[in-house]
Amino acid sequence: MFETYEEKVGKALDTLYPGALFLAAGDQAQAERLVVDTVTGALRSDVETADISTKWFEGQMAKRFLERNPSPDTIRQPAHPSGSVKEIDAAQLLEGVAFVPGWSRAALWLVLLRQWSYAEVRDALDVSTESLSEMLQYRTMLARGILGATGGLEEGASAR
Amino acid sequence: MNHPPMTCDEARETLWPVRQPKLLAGRMEEASNHVGTCAACRAYMADTQALGNAYDQLASTRAPAALRERVFAAIALERVGGMTPAPVRVRPGWRSSVGKAAAAATVVLVVGSVLSQIVPFGPSDSGAVFVDDYLRRAVGQERIETSDPGTVGRWLARELGLPIRPLQFAGLELEGAEICLLDGRRGAMIQYSMNGAQVSHYLVPRRSARERAPSIGVESRDPRGPMPPLVTWSTPALEQALVGDLDSEQLLALARTAY
């Protein structure tokens, strides 16, 4: 059955919103702006409505977020008490992602949490394999940010 | 054929994604064995699993209703080229006048089976879809009261993302519009009056709609008694119907102005 663009958006929102929260490190206002900009921007694309899926919207949102964070930036030192990886909850996940440069969050979201293949992420974000690998290196920083470990980077140092 | 010992990267890639690892030429067992003997890989897989579990919690967060409204309003604005929609005014009095119309048996309850004969919404049992819409109106959601066709048109463009112009016909007075839910599809109902009789114009976006000239609906039996006259038709992307307290020929004449 044919679905309108609005119907497809309606179905995708509950997937996009948590993803936007991750990308925005829990900043609800930023997350909502990202979702709104994604679905209105996607409307201007030349993709046929029939070819649009929730996964396609995810790729659009990740790419839009990456375009707003085009390069690695300075990150701060994780400052949370240490704990077991197994005790991570959603709130800790959002706190941890704040320690990860915005530039790498889209890749981390799609690969680690949405379980996309490397090839799919590379195509969706339109980045090279080398750039993608570099972005995914921040997986360790994400985990350490959650756990409160020092991670090896001094305050004020540029992310690699 | 003997492979060289599997590296950590190879093992992790083989066992990816963690929850549904892909089969890779029989090396799954080898990868699992590697992880079993490699502390770094075990920690990596455990971290990844934990991150995924935490994200599952986050993923249960539903998009707030206010965000949904913003999204659809933004889409509609994008479709009309950024024109600022007229402010929506809602007058409580309209609800009571609709209630009066219902009491006078000019309300828009139509047996679902009647429409299903004419409008291919899909199977529906005895009017349940219309009861659903009636209940939505009863709680007063998503409506506008105005006699200005331009305001109604812009409001519907915002809500449905389609350019819709209210009917114009001598003696037909526009009263407002509401969003309705018919057979699970989001549509609109534009309310008119004509010489004191209430007329409702239903519009449901449906790309697969075959263009069909207005025709009078087939009468059907209903335990509640005779049903109001019904005319249905389809224009590209829209299934449409007129229901009201006019005779069928009058409804047909109105429908033909929109076809």
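Protein chains get the first letters and strands the later ones, always in sequence-line order, with residue 1 at the start of each.
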Under a 3.5 Å cutoff, is there a donor and acceptor pairing between the side chains of [X] and [Y]?
X      : Y      : result
B/N53  : B/Q57  : no
B/E239 : B/S234 : yes
A/R122 : A/S131 : no

For [X], is it the side chain, the backbone, both or neither that has a heavy atom under 4.5 Å from a heavy atom of chain B?
X      : answer
A/L93  : side chain
A/W116 : backbone
A/L43  : side chain
A/L16  : neither

Query raised in the report: Any cation-pi pair here, A/K8 with A/W56, using under 6.0 Å and within 45°?
Result: no
